[in-house]
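All residue numbers refer to positions in the sequence shown, counting from 1. Since the model is a prediction, treat every value here as computed from it, not as a measurement.
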Amino acid sequence: MAKREDDAGKDRQTAKSYPLRPPSIVGSRNAFMPALKLALPVLAASLFLSACMPPDPPKSTMLQSTTAPRYATYRCDGEGEITLENFRTSVHVVDTRGVDVELPASPPNQTARYGQPGYALILERGTALWMVSGKHPVNCKQESNPA
């Protein structure tokens, strides 16, 4: 500290001056609040606008439109037909080639693909792809709904 005399003749110590801090340190503290004040309305506006977007359609509606009815007959290529009884977790299939089998859903959490070793059935919007091991796969179209 530097010594300095006052008017009464007494020595008095004065504080030593330090150099100013670089503007980057001072500026970052002073600039934070104004930047935050600018960012908050932008974030609030984007949150508000995202709430205005229409929600995705419910999955239950989509499943109802793509699943087969409980009882259905499908006319297949090559003059054959298959009759289905759909239990959602499994399907009982009877076809004109002599097949009478119950197929579980494969994988278990869906209602469009069924199968077990040697047999597979894929249902989609009124059509069925029927596959039996050792025979050609056939495409079938829904003919009637007996129930």
Which pair of non-hydrogen atoms, one from H136 and one from R97, has the smallest distance, and what is that distance? O-NH1, 3.6 Å
Verify, without hydrogens or angle tests, whether T96 (side chain) and G80 (backbone) share a donor-acceptor contact under 3.5 angstrom. no
Sort and list the pairs that fulfil disulfide (SG to SG under 2.5 Å) and have at least one residue in residues 96-138, not counting sequence neighbours. none
Could you state whether V91 and V101 fall into the same hydrophobic cluster, counting links through intermediate Ile, Leu, Val, Met, Phe, Trp or Tyr residues with side-chain heavy atoms under 4.5 angstrom apart? yes
Determine whether V138 and I82 make a side-chain contact, defined as any pair of heavy atoms from C-beta on separated by less than 4.5 Å. no
Side-chain heavy-atom pair T73, R75 within 4.5 angstrom cut-off: no
Who pairs with E85 by salt bridge (Lys or Arg N to Asp or Glu O under 4.0 Å), at least two apart in sequence or on another chain? R70
Shortest non-hydrogen separation from A105 to Q110 and the atoms involved: CB-O, 3.5 Å
Could you tell me which non-hydrogen atom of Y114 sits nearest to which non-hydrogen atom of T111, and how far apart they are? OH-O, 3.2 Å
Between the main-chain N or O of G126 and the side-chain N or O of Y74, is there a donor-acceptor pair closer than 3.5 Å? no
Min side-chain heavy-atom separation N86-L123 under 4.5 Å: yes
What distance do D95 atom CG and E81 atom CD have between them, rounded to the nearest 0.5 Å? 9.5 Å
Which pairs, with at least one residue in residues 76-134 and sequence neighbours excluded, count as a disulfide (SG to SG under 2.5 Å)? C76-C140
Test of understanding: clusters of I, L, V, M, F, W, Y form through side-chain heavy atoms closer than 4.5 Å, transitively. Do L84 and M131 belong to the same one? no
Indicate if V94 and L103 have the same hydrophobic cluster label, given that clusters are the connected sets of ILVMFWY residues with side-chain heavy-atom separations under 4.5 angstrom. no
Determine, stepwise, if the pair V93 / Y119 fulfils side chain to side chain contact (heavy atoms under 4.5 Å, CB included). CA-CA 10 Å; V93 181; Y119 303 98; over 6 Å; no
Rounded at 0.5 Å granularity, tell me how far OH in Y71 sits from OG1 in T83. 12.0 Å
